[in-house]
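Here is the structure we will look at.
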Amino acid sequence: MYNTLADNFYDRVEIGKYVPKFERKGGRIVRKTTKSIIATFIIAISLLSLFTAKKAFPDTFGIIREGIGRDLQGITRKQAEVITAWVDARKKDIRVTANNLPVYRSSVIRENLEPDFSKPLEYLAFLKNIYHYKEVFVVNPSGTVIVSTDKNNIGKDVSSAQYFQEAIKGKTFFSDIMPSTVPIENEFGELELGLPTMFVSTQVTNEKMDVLGALVFRLDVNELIKLIIPMKATETGEVYLINKDGYMLTSSRYTSDLKGDGLIKKRTTLELKVANPKTGNLTQAVQQCLKGIEGYNDTGYLDYRGTSVIGYWMWMPYLNWGLVAEIDIDEACNEVRKFFQDTTIKNLRGLMHRQVELLKMRMEGHKNNAAAIARKPQTIHFAKGVASVDEFVNALNYLEFIRDEYGYKGIFICDSAGVVRLSTEKNLVNMNFSGEDYFLETKKHGVFVSDVKPSTTPILNEFGKVERNVPTLFVSAVIKNNDGAFAGVVVFRVDTMELNKLMQSMEIGESGETYLIDSEGVLITESRFVIELKRKEMIKTRTALELKGISPKSGRLTKGISECLSGSEGYDVTGYPDYRGVPVIGTWCWIPEYEWGIIVEIDLDEAFRKSSAFWGIKQYF
C-alpha cells in the first residue's frame with residue numbers, strides 16, 4: 001500500500017551522474033579509465049552503506065511513510081467533523097431563533113400597516129453581534145426583505161435566491177460560498193462588492209404552522225476559515241476547502257507568495273483555482289475530490305504552487321465541498337530524521353493548544369446560547385411564572401425544544417429571588433437556588449460557567465440510570481426586563497460527556513490521552529484507562545470527580561498536574577510517573593477563565609519505541 005521513504009529517495013537519486021561511463025569499441029563495451037574503476041569502487045561502497053542503512057531501519061522508514069498517510073487521513077476526517085459540527089450548530093441556531101419568535105412577528109411579516117421594527121431589530125442585532133454574523137434579516141413570503149440589521153438591504157427582492165426558495169419550502173438551508181451581490185464589510189474594514197459570503201436560512205411559521213416568511217443569517221466566511229487552523233508544527237502542511245468548481249474556499253498559508261506571483265489579488269477564497277501551474281489542469285487531489293473519491297497520494301504530485309506534495313482528500317457531498325490536506329514531500333521525507341524529543345513534544349504541545357482552542361470555542365458557544373435565550377421575550381416572560389395550564393404546556397415545549405436542539409441535559413429558569421419557575425426537570429420547579437454559584441455569579445457577571453460538580457438532584461448518568469452525584473456542569477445567563485432590571489437567570493445543564501468526547505477525540509497512539517483537571521487536581525473527564533483503574537480499585541464508577549491525579553509511588557500530585565495548578569504552561573520530555581505510576585512524557589496548560597487544567601501525556605516507552613510521526617500529525621485536530 002505504501003512505499004518506504006527510502007524507496008522514494010532512491011527513485012529520486014540521479015545515479016547516472018555518478019556511475020562510470022562506458023564506450024563502445026568494435027562492438028564491445030569497455031570501461032574508460034582506472035580512475036573510473038576507483039570511482040566505481042567508491043560509489044559502490046557508498047551505495048552499500050545506504051543499502052545497509054535502509055535494511056537496518058526498514059521499520060522506521062515504513063512507519064514514517066505509513067504514519068504520514070494515516071495522519072493526513074486523520075487530519076482530513078477530523079477537520080470534516082469540525083466543519084460539519086459548525087454547520088449543524090448554525091442550523092440549530094437559526095431554528096431556535098425562528099421557533100417561537102416574539103408575538104409581534106406576525107404583525108411584522110403579515111400586516112400591510114407600517115410595523116414597528118425596533119423590537120425585532122434590536123433582538124436580531126444582538127444575535128448578529130454575539131454570533132459574529134455579517135447580517136440577520138427577515139424575508140416575507142413574496143421574497144422582500146422587511147427587517148434587516150443592514151438598513152440598506154430593507155426592501156430588496158431576494159425571491160430568486162436559493163436560500164429563500166429552499167427556506168420557504170420548509171428546509172433549513174446552508175448555502176455555498178458565493179460572491180456578495182451587495183457591498184459588505186471585508187476583513188480590512190472596507191465595504192466590498194463581491195466579497196465571499198454564505199447564508200443559512202429557515203422557514204418562519206406561526207402556531208398554526210402558517211408560513212410567515214424566512215429568517216436568514218449571512219455568515220462571516222472568516223468564521224469558517226478560523227476552524228481550519230494552519231498546521232503550525234510543520235513548515236509546509238496545510239488544510240483547505242474547495243468548491244465544486246475547484247476554487248479554494250479557505251485561506252492558503254502561502255497567500256503572500258500567491259499575491260506576489262500575481263495569482264490572487266486579495267485572498268485565495270473564490271480567487272484561486274487549485275490547478276497545477278505547469279499544466280493548467282486541476283491538481284490530482286482536486287480532480288479526484290470532485291469525482292467524489294476519498295483517497296491519497298504518498299509518492300508525490302504537484303500542488304497549486306507547482307511543488308511536489310503528499311496529500312489526502314475527501315468530498316463532503318452534503319455541503320458540495322472538498323477537503324484537502326497536504327504537506328511538501330521534502331518536509332515529509334525529512335521527518336525520517338525527527339524521531340524523538342523535539343518532534344514528540346512539539347506534537348503533544350500542538351495537540352494541547354488545539355484542544356484548548358476547541359474547548360474555549362465550545363464553552364463560548366454555550367455562553368452565547370445562554371445569552372441569546374435569556375434575551376428572548378418568552379424567557380423574560382416565563383421568569384415571572386406561568387398563569388395557566390395552556391401557558392405552562394407552551395412554556396415547557398419552548399424549553400424542551402431548545403434543550404433538544406442544543407443537546408443539553410436540562411434547562412431551567414429562576415426568577416429574581418432564585419426560585420425555579422420553569423424547568424425541563426420537573427423536580428426542580430419551586431426549588432430555591434439563590435445560594436448556588438450559577439445564580440450568584442451570573443447576577444454579578446451576566447454569563448457564567450460553573451465548575452464540574454456532583455449533581456445534587458437525581459439526573460440520568462452515562463449508563464442510563466438516574467442517580468445523584470453525577471458530574472454536571474452549568475452555563476447560565478442573566479435575564480433582564482425591558483427596563484433593564486434583573487429578572488432572573490436561565491440555566492443550561494451541559495452534558496459532561498461532551499467534554500469527554502472532546503478530550504477523547506484525539507488519538508495518540510496506544511497509550512496517549514488528553515484529560516481535564518479542576519483546581520484541586522481531580523480529573524473532570526474520563527481516563528482511557530478506566531477499566532484498569534477499576535480493576536485496581538482506584539475508582540468505583542468513573543474517573544471524573546473520583547480520581548485525584550496523584551502518583552501512587554510518591555503519594556503526591558504528578559509533576560504535570562502539580563505544575564499545571566501553579567498556572568504555568570510547560571512540558572517534560574524526560575519522563576515522570578502519572579496517576580497509574582507509569583512513566584510518561586507530557587505537556588500541560590492552565591485555563592484560568594474556567595479554572596481547569598489540560599494535560600496531554602503518552603507512555604514514555606511508546607513515545608520512544610515508535611517514531612513520533614507514527615501518530616504525530618493528528619495533533620492539529
Item to check | Atom of Ile225, atom of Thr269 and distance for their closest heavy-atom approach | outcome: CD1-OG1, 3.8 Å
Checklist entry - Given the rule in the side chain to side chain contact (heavy atoms under 4.5 Å, CB included) test, do Leu241 and Leu224 qualify, once you have shown the distances and angles that lead to the verdict? => result CA-CA 10 Å; Leu241 281 171; Leu224 172 63; 4.0 Å; yes
Item to check | Nearest atoms (heavy-atom pairs only) where Gln203 meets Gly170 | outcome: NE2-N, 3.4 Å
Next on the checklist: Can you tell whether the side chains of Glu425 and Arg403 come within less than 4.0 Å, N to carboxylate O?
Outcome noted: no
Checklist entry - Hey, does Glu190 have a side-chain heavy atom less than 4.5 Å from the side chain of Leu195? => result no
Checklist entry - Of all heavy-atom pairs between Leu212 and Pro141, which one has the smallest distance, and what is that distance? => result O-CD, 3.3 Å
Checklist entry - Donor-acceptor pair, Thr144 side chain versus Asn140 backbone, under 3.5 Å? => result no
Item to check | Point-to-point distance, once rounded to the nearest 0.5 Å, from OG1 of Thr250 to CG of Leu227 | outcome: 10.5 Å
Checklist entry - Any side-chain heavy-atom pair from Trp86 and Glu223 closer than 4.5 angstrom? => result yes
Checklist entry - Is the Tyr398 to Phe382 ring centre distance short of 6.0 Å? => result yes
Next on the checklist: Quick check on the 6.0 Å ring-centre criterion: do Phe433 and Phe412 meet it?
Outcome noted: yes
Item to check | Side-chain touch Leu124/Lys128, heavy atoms, less than 4.5 angstrom | outcome: no
Next on the checklist: Taking the six-membered ring of Phe174 as reference, does the cationic atom of Arg90 (NZ for Lys, CZ for Arg) lie under 6.0 Å from its centre and within 45° of its axis?
Outcome noted: no
Checklist entry - Can Asp150 and Ser148 be counted as having a side-chain donor-acceptor contact under 3.5 angstrom? => result no
Next on the checklist: If we ignore hydrogens and angles and just use 3.5 Å, is the side chain of Asp245 paired with the main-chain N or O of Tyr247 as donor and acceptor?
Outcome noted: no
Checklist entry - Is the backbone N or O of Tyr304 less than 3.5 Å from a side-chain atom of Thr283, with the two atoms forming a donor-acceptor pair by type? => result no
Checklist entry - Ignoring hydrogens and geometry, is there a side-chain-to-backbone donor-acceptor pair from Gln355 to Leu502 under 3.5 Å? => result yes
Checklist entry - Mind checking whether Phe126 and Tyr123 have parallel, tilted or perpendicular rings, split at 30° and 60°? => result parallel
Next on the checklist: If you apply the rule salt bridge (Lys or Arg N to Asp or Glu O under 4.0 Å), what do you find for Asp437 with Lys453, and how did you get there?
Outcome noted: CA-CA 11 Å; Asp437 57 356; Lys453 58 182 72 178; 2.9 Å; yes
Item to check | Any donor-acceptor N/O pair, Thr379 side chain to Ile373 backbone, under 3.5 Å | outcome: yes
Checklist entry - Where is the tightest heavy-atom contact between Cys289 and Leu323, given as atom of each residue plus distance? => result SG-N, 3.9 Å
Next on the checklist: Can you confirm whether Ile479 sits close enough to Val489 that some side-chain heavy atom of one is under 4.5 Å from a side-chain heavy atom of the other?
Outcome noted: no
Item to check | Glu498/Lys409 under salt bridge (Lys or Arg N to Asp or Glu O under 4.0 Å): CA gap, chis, key distance, verdict | outcome: CA-CA 11 Å; Glu498 178 182 307; Lys409 289 187 76 84; over 6 Å; no
Checklist outcome for this item: So OG1 of Thr496 and NZ of Lys501: to nearest 0.5 Å the spacing works out to 10.5 Å
Item to check | Separation of Lys360 NZ from Glu593 CD (nearest 0.5 Å) | outcome: 4.0 Å
Next on the checklist: Quick check against the 3.5 Å criterion: does Ser201 have a side-chain atom that pairs as donor or acceptor with the backbone of Phe164?
Outcome noted: no
Next on the checklist: If you apply the rule side-chain hydrogen bond (donor to acceptor under 3.5 Å, both in side chains), what do you find for Thr84 with Tyr318, and how did you get there?
Outcome noted: CA-CA 9 Å; Thr84 301; Tyr318 44 90; 2.9 Å; yes
Next on the checklist: For a 4.5 angstrom cut-off between non-hydrogen side-chain atoms, does Gln162 reach Ser175?
Outcome noted: no
Checklist entry - What is the distance from atom OG of Ser416 to atom CZ of Arg421, rounded to the nearest 0.5 Å? => result 8.5 Å
Item to check | Qualifying residues under salt bridge (Lys or Arg N to Asp or Glu O under 4.0 Å), relative to Lys169, sequence neighbours excluded | outcome: Glu166
Checklist entry - Is Glu81 paired with Lys78 through a side-chain N to carboxylate O contact shorter than 4.0 Å? => result yes
Checklist entry - At their closest point, which heavy atom of Ala325 faces which heavy atom of Ile75, and how far apart are they? => result CB-CG2, 4.2 Å
Next on the checklist: Checking Glu192 against Arg267 for the salt bridge (Lys or Arg N to Asp or Glu O under 4.0 Å) test, could you report, in this order, the C-alpha distance in whole Å, the side-chain angles of both residues, the deciding distance, and whether it holds?
Outcome noted: CA-CA 13 Å; Glu192 180 180 341; Arg267 60 185 73 85; 3.0 Å; yes
Checklist entry - Would you say Ile293 and Trp315 make side-chain contact, with heavy atoms under 4.5 Å? => result no
Item to check | Atom pair CG/CE of Asp495 and Met497 - distance to nearest 0.5 Å | outcome: 7.0 Å
Next on the checklist: If you compare all heavy atoms of Ala214 against all heavy atoms of Ile168, which two are closest, and at what distance to 0.1 Å?
Outcome noted: N-CD1, 4.5 Å
Checklist entry - Between Leu499 and Arg362, does a side chain to side chain contact (heavy atoms under 4.5 Å, CB included) hold up when you go through it step by step? => result CA-CA 9 Å; Leu499 297 179; Arg362 188 70 59 86; 5.9 Å; no
Item to check | Which residues share a side-chain hydrogen bond (donor to acceptor under 3.5 Å, both in side chains) with Glu357, sequence neighbours left out | outcome: Arg354
Checklist entry - Would the number of heavy atoms belonging to other residues, nucleotides or ligands and lying under 6.0 Å from NZ of Lys92 be above 12? => result yes
Next on the checklist: Checking side-chain polar atoms at under 3.5 Å, does Tyr133 have a donor or acceptor matched by the opposite partner on Thr149?
Outcome noted: no
Checklist entry - Asp451 and Glu595: side chain to side chain contact (heavy atoms under 4.5 Å, CB included), yes or no, with the steps? => result CA-CA 8 Å; Asp451 202 353; Glu595 294 194 348; 5.8 Å; no
Next on the checklist: Please identify which of these residues, Val475, Ile402, Asp93, meets the side-chain contact (heavy atoms from CB on, under 4.5 Å) condition with Asn369.
Outcome noted: Asp93
Checklist entry - Donor-acceptor pair, Glu271 side chain versus Lys266 backbone, under 3.5 Å? => result yes
Checklist entry - So, Asp390 versus Ser388: side-chain donor-acceptor pair below 3.5 Å or not? => result no
Next on the checklist: Let's go through Trp321 and Asp176 carefully: what are the C-alpha distance in whole Å and the side-chain angles of both, what is the deciding distance for side chain to side chain contact (heavy atoms under 4.5 Å, CB included) to 0.1 Å, and is it a yes or a no?
Outcome noted: CA-CA 8 Å; Trp321 293 343; Asp176 201 353; 2.7 Å; yes
Item to check | Rounded distance [0.5 Å steps], OG in Ser423 versus CG in Leu399 | outcome: 7.5 Å
Item to check | Flag for Glu135-Asn153: side-chain donor and acceptor within less than 3.5 Å | outcome: yes
Checklist entry - Checking Thr424 side chain against Glu400 main chain: does a donor-acceptor pair fall under 3.5 Å? => result no
Checklist entry - Without hydrogens or angle criteria, can the side chains of Arg493 and Thr472 be said to hold a donor-acceptor pair below 3.5 Å? => result yes
Checklist entry - Would you find a donor on one side and an acceptor on the other, under 3.5 Å apart, between the side chain of Thr525 and the backbone of Leu516? => result yes
Checklist entry - Within the distance-only criterion (no hydrogens, no angle test), does the side chain of Thr197 pair as donor or acceptor with the backbone N or O of Val221 below 3.5 angstrom? => result no
Next on the checklist: Taking the side chain as everything from C-beta on, heavy atoms only, tell me whether Phe486 gets closer than 4.5 Å to Val478.
Outcome noted: yes
Checklist entry - Do the ring planes of Phe199 and Phe137 sit parallel (below 30°), tilted (30 to 60°) or perpendicular (above 60°)? => result perpendicular
Checklist entry - Within a strict 4.5 Å, meaning less than it, do heavy atoms of the Leu422 and Ile411 side chains meet? => result no
